[in-house]
Structure formats: structure tokens, C-alpha cells
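Below, all heavy atoms of this structure are taken into account, side chains as well, without hydrogens, waters or symmetry copies. On a predicted model such as this, the values are computed, not experimentally measured, just so you know. First listed ligand is number 1; within each ligand, the first listed atom is number 1.
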Amino acid sequence: MRHDHLLTAKQLSRADIEAVLDRASEFAADPAAFRERHPELLLALCFFEPSTRTKMSFETAAKRLGGDIVDMGSVESSSVKKGESLADTVRVIEGYADAIVLRHPKQGAAQLASEYVDVPVVNAGDGAGHHPSQTLLDLYTIREKAGLDDLSIGILGDLKYGRTVHSLAHALTKFDARQHFISPESLKLPRSVRYDLHEAGANVREHESLDDVLPNLDVLYVTRIQRERFPDEEEYRKVAGKYSIDAETLARARDDLSIMHPLPRVDEIAPELDDTEHATYFSQAHNGVPVRMALLDSLL
Ligand code: CP
């Protein structure tokens, strides 16, 4: 992969994606073998929004490569609280670190940050925009479970505000995938993403009911309704709890259906599914470490 920054999944070719996933497989097979690979690495974690998986798996990835992290900490404890701009913050941090992992509530924040610094910026989620490193671990997981070609995937839930969905949908256009989007009318894919999928010639269908497509799916990618992005609580209440997957829902699913979720979940997937063969979401989260090791390795 020859990129200065990772800002959206759109910038990744199929060859880029396959190179990262192949490298991630090597890291996953023998993590101890790479402990000395980047002893000089200092990775800056700048999270302006909460995170468990993305932040901790980037930290683990840096340390497993022999490097370390510097953490901006919470917005509350940083000089962002005093009114410092994002541009100034990242210009200072590039003097402390070899790469910056940035999560921010504003769409386009990572793009903006990348224009001010010479070290690589990884977009770890920008508002309702993109989350490309999540997509790489999603693709790694799909490849392990079902393969990335001749794939039938259902993507369910908040398609409007779900940044993991936008990135995944773009990346899947590089493969032979049938994408079924299932959501309430008010949470359909944004027009810009639909336009991009159309331009890429993607094989896409939209549905309101999961029942329409469930029996044909290899993978069901479930997402949380992004309550924090709704401008109006009343609008959130209209769609909250609309989709909830439990054993009864899956009566018509294939035995080898993989259920994925970027997590955190709220009530979209019943805990009774956690010990079934369908549940892939925890191993999906664990795949974040080798995939982010591979990503850092390629960017550095
Ligand atoms: N999937 C994901 O981005 O999780 P976090 O918000 O915990 O990082």
C-alpha cells in the first residue's frame, strides 16, 4: 500500500486491501515473531470521542510491533478544552510521534488534520463519515468466514449515520459482493454513498425487512442506531429497537451465516446468540490487532 494517510476506504484498491489482509494473517499466525519490527515507533492516539476497541487495539498493535504510544487523553484533560484548534493540536503532536490515529466527531476532521502534518494520519472515525481501519478488520473477518468474492452480505441498522457501513460499502465494491442494505426509511444510506456505489457499479439492493433476504445471506453485518448523531431525540425514539436479532429471527437463516457487528452493541443482538456458531463479533473485534499491526507496518 503506497499512501501517506488512511482517510477513507475509497482510496484503497483491491490490491491494497489484499496486501494488508495477507500481512495481517502473518502477524496473527505468529505475533511474537514481530516484537522487534518497529522498536522506534511512537504512535499518537488522539481520540476526541469515546472508544474501546479502536483505541486499545491500535495501542496493542503498536506495542506488539515493539513500539509505544503517546495518548492525548480525554478532551476534558487536554488543551482542546482551552479552545485549541484541531490544526494546532495535530501540528504539535506530529513533533512527538511517527503517526497519528485520530477520532473526531466532525466529518472530514481526519482529512483536515492530514493537510497540516507530514506524519501519516489514520482516520479512526470522523463523525458519520468513515472508519477505514474498521473496514480492514471487517474484510479480514469476512474473508476468513465466507470469502470476499461471490459474497452475499446484509448490512442492517443505521446506514445513515453508521460510518463503519459507509467505509465497508465502498470497500466491498472492489470485490464480487451482493450488498443488501436493510434499514428504516429514515436511516437509509446517505445520497453521497449511494452515488459512489452506483458509480462503482456495485451490486446493491435496499430493503426494509430482514426477512426478505435473510435466507440468502453469507454474512449479516448488524449496526447500532447511532443515538449520539441524531439531531432530535424524538427521531431516535421512532427507530430505537427496530431491529433486534435473536434465535427466533435466525430460524430462516443458513446454518453457516456469520453475524458481525463493529460493536459496541446495545440491544441489536440478543446475548443468547453469543455462544452460537453464528456469533462472529468478538473474534471480529480481536482481529483488530493483527489488522492494525499490518496497517501500521504498511504506512510506516
Ligand atoms: N468499532 C469501534 O469503532 O469501536 P470503538 O468505538 O469502541 O472504538
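In this structure, atom 4 (O) of ligand 1 lies nearest to the protein heavy atom R53 NE, 3.0 Å. Atom 1 (N) of ligand 1 has P262 O, 2.8 Å as its closest protein atom, hydrogens excluded (heavy atom only).
A tilted orientation is assigned to the rings of F230 and Y161, their planes being inclined by 30° to 60°.
When all heavy atoms of F48 and V75 are compared, the closest pair comes out as CA-CG2, 3.5 Å.
With sequence neighbours excluded, no residue forms a ring pair (Phe, Tyr, Trp, His ring centres under 6.0 Å) with Y116.
Interface atoms of ligand 1 facing L263, defined by a heavy-atom separation under 4.0 Å, are 1 (N), 2 (C), 4 (O). Within ligand 1, the atoms closer than 4.0 Å to a non-hydrogen atom of T52 are 5 (P), 7 (O), 8 (O), numbered from 1 in the order shown. Heavy-atom contacts of T54 reach the following atoms of ligand 1: 2 (C), 3 (O), 4 (O), 5 (P), 8 (O) (cutoff under 4.0 Å). Near H131, with a cut-off below 4.0 Å to any heavy atom, the atoms of ligand 1 are 3 (O).
Residue E49 places no heavy atom under 4.0 Å from ligand 1. Between R103 and ligand 1 there is a heavy-atom distance shorter than 4.0 Å.
Residue T164 does not touch ligand 1, judged by heavy-atom distances below 4.0 Å.
Under a cut-off of 6.0 angstrom, the local environment of CD in E228 is crowded, with over 12 non-hydrogen atoms contributed by other residues, nucleotides or ligands.
Partner of L220 under the side chain to side chain contact (heavy atoms under 4.5 Å, CB included) criterion, chosen from I269, T280, I153, L257: L257.
Listed for the Q11 side chain is a donor-acceptor partner under 3.5 Å among the backbone atoms of T8.
With a 4.5 Å cut-off on side-chain heavy atoms, L7 and H130 do not count as touching.
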